[in-house]
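A quick write-up on the structure given underneath.
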Amino acid sequence: MARRQYPFHLIEPRWQDRWLAGQTFRAFNPGESIPADHPFGLRHNLAGRTPSADELPPKFYILDMFPYPSGAGLHVGHPEGYTATDILARYRRAQGRHVLHPMGWDAFGLPAEQYAIKTGQHPRVTTTANIANFTRQIRSLGFSYDWSREVDTTDPGYFRWTQWIFLQLYEAWFNPATRRAEPVSTIPYPADCDTEARRRAYRDARRLAYVAEAPVNWCPALGTVLANEEVVDGKSEVGGFPVVRKPMRQWMLRITAYADRLLEDLGLIDWSDSLKEMQRNWIGRSEGAEVDFQLDGHAAKVRVFTTRPDTLFGATYMVLSPEHRLVAEITTPSQRAEVERYQQFAAGRSDLERTELAKDKTGVWTGAHAINPVNGARIPVWIADYVLASYGTGAIMAVPAHDERDLAFARTFHLPVVQVVQPPHKGTPWEGFCDEGTAVNSSGPGISLDGLPTADAKRQVTAWLEGKGLGQRTVNFKLRDWLFSRQRYWGEPFPIVWKTDPATGERHHEAIELGSLPLMPPELDDYKPTEDGQPPLARATAWLELPDGALRETNTMPQWAGSCWYYLRYLDARNGGAFASGDAERYWMTGRPGVGPGPEPASGVDLYVGGTEHAVLHLLYARFWHKVLFDLGHVSTPEPFHKLVNQGLILGEDGQKMSKSRGNVVNPDDVLREYGADAFRLYEMFMGPLSETKPWNTQGVEGVYRFLGRVWRLFVDEASEVEFEQACAADPAHATAHLERVRLAPSVGDVPATPAQLKALHACIRKVTDDLEHMRFNTAISAMMMFVNEALPWPTKPSGVLASFIQLLAPFSPHLAEDLWERLHRHVGRPAPSLSYAPWPTFDPALLVEDAYDMPVQVNGKLRDVLRVPNEATQADIEAAAMASAKARPFFEGKTIRKVVVVPRRTVNIVAN
RNA sequence: GCCGCCGUGGUGAAAUGGCAGACACAGGGGACUUAAAAUCCCCUUUCCGCGAGGAAGUGCGGGUUCGAGUCCCGCCGGCGGCACCA
């Protein structure tokens with residue numbers, strides 16, 4: 001190990017202990033008393049008082065995506081985002097904002113349960129140990145979290161409210177008239193709902209949390225169903241086990257009701273375009289029309305969805321999904337055997353096979369025909385698995401001339417292809433042309449689209465269909481309802497019981513009493529599913545069966561449940577009577593118009609930082625729950641997260657993704673031991689822009705570590721440090737106490753700053769402040785390096801200049817900053833105020849102005865000279881100076897000067913030829 | 001295939017349309033040292049030149065502009081997302 005640059009190993013734990021003991025970073029809810037000696041209170045004249053929301057400074061809620069506390073411990077990727085948010089939290093605190101910066105644990109999840117299945121150890125035990133390890137690691141990095149608000153999704157005091165929110169969804173429906181969630185009591189019933197049982201069935205079919213028999217992704221190896229999003233290439237996202245489709249009774253959440261609002265409200269929030277685009281694609285809104293086709297020789301009609309009703313005249317066949325309910329009815333006897341064989345083939349094909357063989361079209365003719373409503377054409381009806389049962393109506397009209405998939409199918413089975421769209425550019429072949437053009441060959445009895453541009457043709461044919469009662473304008477979404485139940489032990493039990501109607505024998509579900517929450521999971525000896533495939537909770541018969549004969553729901557909620565709302569629990573984490581008090585929720589989520597520096601307090605979380613892996617699922621689910629809570633009056637903003645930033649991935653030193661198997665994983669504990677938390681934090685920010693993917697480089701850590709060593713040497717007296725080191729060597733047990741032997745250098749003192757010193761400082765203040773506002777941490781650090789490189793040789797070092805510099809450094813490397821801050825104040829005989837709450841330095845532009853500036857001289861756009869130009873020089877002066885330049889002259893002499901472009905304070909360009 | 005992002009020295013990277021390569025890492029040279037480590041100083045885009053200096057240069061090809069790493073069009077390469085969604 002190289003020589004230690006400065007005693008970070010003594011400094012860092014000391015300040016971490018002090019911050020924890022003094023609750024330095026505690027945030028105060030409206031109505032909470034602020035201790036008389038708390039630095040936040042002292043800064044804002046609120047010490048010993050109990051301020052209301054109006055009396056507290058404007059809020060800043062800065063949130064990290066909380067981790068799953070895995071057995072592997074923290075990874076260098078975690079602290080990247082955490083460091084960025086911590087720097088901003090400390091910066092905003094210094095600016096006078098009331099910062100909410102919490103941390104917690106997303107602790108339900110599969111690994112602890114699988115470990116329990118293997119070893120019989122209760123997941124609680126594993127989880128507690130892992131949380132302890134994560135806590136130790138995160139604390140060793142010196143983040144300014146308010147630990148009094150720590151949450152743990154597996155804590156009954158937490159999941160009580162997860163269950164409570166589920167019941168809010170359960171007891172609500174989406175009223176299409178008002179476009180929002182309302183209590184189920186407002187559901188209007190149709191006249192035929194004349195019995196309580198019918199009303200119940202009607203009501204249960206409209207709840208935001210409902211039960212459906214649905215084909216699900218069953219993973220036999222994990223013994224559970226998975227959401228579509230948790231299945232990747234036909235395998236489970238966790239573990240990579242095979243997944244099969246299987247119909248099962250499942251709890252679903254009606255997120256599709258919110259599809260439009262989830263889409264529209266992206267306009268309210270400050271997320272990257274790429275992230276918004278991912279959400280838009282996932283929601284997958286598409287406008288089109290539903291059209292009814294009469295089946296030839298049957299009473300039934302087939303309804304199709306199309307985004308191109310303008311191509312209706314080009315429909316030469318129809319395709320139903322193999323699972324379509326009309327298939328059995330319309331199949332002719334001669335085709336029956338083949339159709340049934342195909343249905344079996346399609347059902348047995350896994351998603352993986354469907355995807356891999358996507359381009360090879362398969363299908364079978366049913367023997368039936370349908371009538372095209374616009375021209376009366378009799379077209380064959382096929383089934384094929386390229387038509388999905390779960391999208392649109394599960395049936396399509398095929399227009400092979402203008403749809404790639406239909407064309408491939410038509411070519412395979414030699415079906416006719418009829419042009420109905422003329423491409424806008426001559427020479428573009430019409431066959432397979434899928435864009436917009438002009439309608440052709442599109443006339444029938446009572447309607448003609450010929451000559452109309454696609455958009456007009458769509459409008460006209462849709463209006464015609466609507467007039468005839470043959471179809472209507474429709475919007476479809478790719479987004480599906482959220483499959484919300486899992487067959488696991490280590491998750492929130494559903495607060496639901498099943499009852500049997502003694503008269504009819506029919507089963508129905510009911511919510512348990514709100515007052516009986518939390519519903520605890522039962523204790524088990526064995527965490528596997530039961531022999532007959534029931535979830536593990538079914539093993540606990542005493543828990544399962546209630547005295548009145550009712551049975552508990554045995555599914556549990558997915559891991560997303562706890563992470564859907566944790567940002568709300570932080571607002572008031574210990575509240576036993578509500579998920580958060582209304583006052584706390586309003587204060588932290590809406591703030592009030594800002595005073596002082598920094599952005600206006602945002603509607604929702606001011607800044608949320610986390611990985612891209614949650615770009616769709618977590619963020620969509622959380623937005624959905626938040627909107628339901630908003631509709632029901634439990635929260636006051638339509639969106640949970642105002643500004644969202646994705647941190648980039650950190651790769652191994654070899655440029656590959658870090659993984660155990662590659663052996664390129666960097667353990668933060670090792671880095672901390674050798675270089676300390678301050679250097680670690682600084683390096684993670686110095687590597688490059690936060691959002692970029694970048695490789696780890698241990699030598700890069702040494703670079704910033706050396707910088708911190710230079711900062712240390714900027715302040716301390718070398719001789720005293722030698723004494724300190726000798727004392728430590730002689731008496732290592734009291735190393736911390738020996739720190740007192742370190743004195744600051746005699747060159748540091750209360751002396752007036754020179755103009756050059758002030759200029760160096762204020763340039764640094766300006767750059768660091770501006771960069772922090774834009775989250776450009778790497779360039780802020782380089783500005784501080786430049787300051788230190790310039791300040792090291794100063795013969796005298798004014799304490800005021802050094803103090804301001806420490807403040808700039810503090811958000812990045814807070815331990816060293818605190819230590820030097822304290823020493824500096826002691827050195828000049830003044831008491832040290834709390835660094836964490838010291839007002840952020842402001843720069844004085846007057847100190848940065850010079851009386852002249854460097855002016856590049858270009859000839860024909862090429863740099864030829866740099867002139868020193870006085871500020872008051874006119875354009876003519878500058879031009880004259882440039883023309884007189886000895887270095888530039890040879891490049892235009894003898895040529896005709898065409899033009900001289902003078903851009904004051906930028907450049908002068910002489911154009912000559 | 002579609003959508004999005006990104007291509008700058010040996011490496012990580014800087015650069016409101018105005019001096020490309022700040023700040024670091026690595027490398028080379030030097031000071032200090034009995035020696036090493038640590039520290040400090042100098043050099044370090046490429047090519048030509050002893051030098052002063054010159055030429056080229058931000059994935060490739062065009063364009064706009066007095067001036068393009070930056071803006072526009074077309075390619076090539078990488079990363080991420082979606083993927084039979086009618």
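These numbers come from the heavy atoms of this one structure, side chains and all, not from hydrogens, waters or symmetry mates. Quick note on labels: first sequence line is chain A, next is B, and so on, each numbered from 1.
At a threshold of 4.0 angstrom between heavy atoms, the contacts of A:S286 are confined to the sugar-phosphate backbone, with no base atom among them. Residue contacts shown for A:F891 are limited to sugar-phosphate atoms, with no base heavy atom under 4.0 Å away. Looking at heavy-atom distances under 4.0 Å, A:K478 makes contact with a base. A:R280 comes within contact range of no nucleotide atom at all, as no heavy-atom separation falls under 4.0 Å. Looking at heavy-atom distances under 4.0 Å, A:Q5 makes contact with sugar-phosphate atoms alone, never a base.
Contact check, A:K899 against B:C66: a side-chain N or O comes under 4.0 Å of OP1 or OP2. The phosphate of B:A86 (OP1 or OP2) has no side-chain N or O of A:Y386 nearer than 4.0 angstrom.
Nucleotides B:G62 and B:U44, compared at atom C1', are 35 Å apart to the nearest Å. Across B:G59 and B:U70, the matching P atoms stand 8 Å from one another, rounded to whole Å. Separation of the C1' atoms belonging to B:G49 and B:A56 is 15 Å when rounded to the nearest angstrom. B:G69 and B:A20 have their P atoms separated by 9 Å, given to the nearest Å. The separation of B:G74 from B:G57, taken at their C1' atoms, amounts to 23 Å, rounded to a whole angstrom. Straight-line distance between the C1' atoms of B:C75 and B:A26: roughly 35 Å, to the nearest whole Å. A gap of 24 Å separates the C1' atoms of B:G63 and B:A15, to the nearest Å. On the C1' atoms, B:A24 is 25 Å away from B:C32, given to the nearest whole Å.
If you check B:C82, B:A55, B:C3 against the side chain of A:R864, the one that comes closest is B:A55. For A:T306, taking side-chain heavy atoms from C-beta onward, the closest of the listed nucleotides B:C3, B:C84, B:A86 is B:A86.
Protein atom CZ of A:R898 is 18 Å distant from nucleotide atom C1' of B:G67, rounded to whole Å. Remark: C1' of B:G12 and CE of A:M685 are 14 Å apart, rounded to the nearest angstrom. In this structure, A:Q647 places its CD atom 15 Å from C1' of B:G80, rounding to the nearest Å. Atom CZ in A:R303 sits about 18 Å away from atom P in B:A86, given to the nearest Å. Atoms NZ (A:K657) and C1' (B:G78) sit 15 Å apart, rounded to a whole Å. Remark: P of B:G54 and CG of A:D865 are 10 Å apart, rounded to the nearest angstrom. Distance A:M278 CE to B:A83 C1': 14 Å, rounded to the nearest Å. Taking atom OH of residue A:Y683 and atom P of nucleotide B:U11, one finds them 15 Å apart after rounding to whole Å.
A side chain to side chain donor-acceptor pair (under 3.5 Å) check over residues 853-863 of chain A, counting only residues at least two apart or in different chains, returns the pairs A:D854-A:R868, A:Q858-A:T907. Sorted by first then second residue, the salt bridge (Lys or Arg N to Asp or Glu O under 4.0 Å) pairs that include residues 274-286 of chain A, not counting sequence neighbours, are A:D260-A:R285, A:E277-A:R280, A:R285-A:E287.
Residues A:K767 and A:G392 both approach RNA chain B. Their nearest nucleotides, taken by heavy-atom distance, put A:K767 toward the 5′ side. Residue order along RNA chain B, read from the 5' end via each residue's closest nucleotide, puts A:N281 first among A:R308 and A:N281.
Applying the side-chain contact (heavy atoms from CB on, under 4.5 Å) test to A:A881 and every residue at least two apart in sequence or in another chain returns A:L867. Qualifying side-chain contact (heavy atoms from CB on, under 4.5 Å) partners for A:A84, counting only residues two or more places apart in sequence or in other chains: A:M685, A:L690, A:F777. A:F805 meets the ring-ring contact (aromatic ring centres under 6.0 Å, His included) test with A:F787; sequence neighbours excluded. Under the salt bridge (charged side-chain N to carboxylate O under 4.0 Å, His left out) criterion, A:R766 pairs with no residue, sequence neighbours left out.
For the pair A:E721 and A:R713, the salt-bridge criterion is not met [side-chain N within less than 4.0 Å of a carboxylate O]. Taking the charged nitrogens against the carboxylate oxygens, A:E80 and A:K694 do have a contact shorter than 4.0 Å, which makes a salt bridge. Electrostatic pairing of A:D310 and A:K458 does not count as a salt bridge here, judged by no charged N lying under 4.0 Å from a carboxylate O. Contact check on A:R308 versus A:D403 returns no salt bridge, with no Lys/Arg side-chain nitrogen under 4.0 Å from an Asp/Glu carboxylate oxygen.
The glycosidic torsion of B:G81 lies more than 90° away from 0, which places this base in the anti conformation.
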If the sugar-phosphate is the primed atoms plus P, OP1 and OP2 and the base is the rest, what is the B/S/- string for nucleotides 18-36 of chain B, using protein heavy atoms under 4.0 Å? BB--BBSSS----------
Solution key, residues 891-898 of chain A side-chain donor-acceptor pairs under 3.5 Å, sequence neighbours excluded:
{"residue": "A:K895", "atom": "NZ", "partner": "A:F891", "partner atom": "O", "Å": "3.4"}
{"residue": "A:R898", "atom": "NE", "partner": "A:N913", "partner atom": "OD1", "Å": "2.8"}
{"residue": "A:R898", "atom": "NH2", "partner": "A:N913", "partner atom": "OD1", "Å": "3.1"}

Pairs counted as Watson-Crick or G-U wobble with both distances under 3.5 Å: what dot-bracket string results for RNA chain B, using | for bases tied to another strand? (((((((..(((.....[....))).(((((.......))))).((((....))))..(((((..]....))))))))))))....
Worked check of side chain to side chain donor-acceptor pair (under 3.5 Å) between A:R480 and A:S390: CA-CA 9 Å; A:R480 305 295 149 81; A:S390 53; 2.9 Å; yes
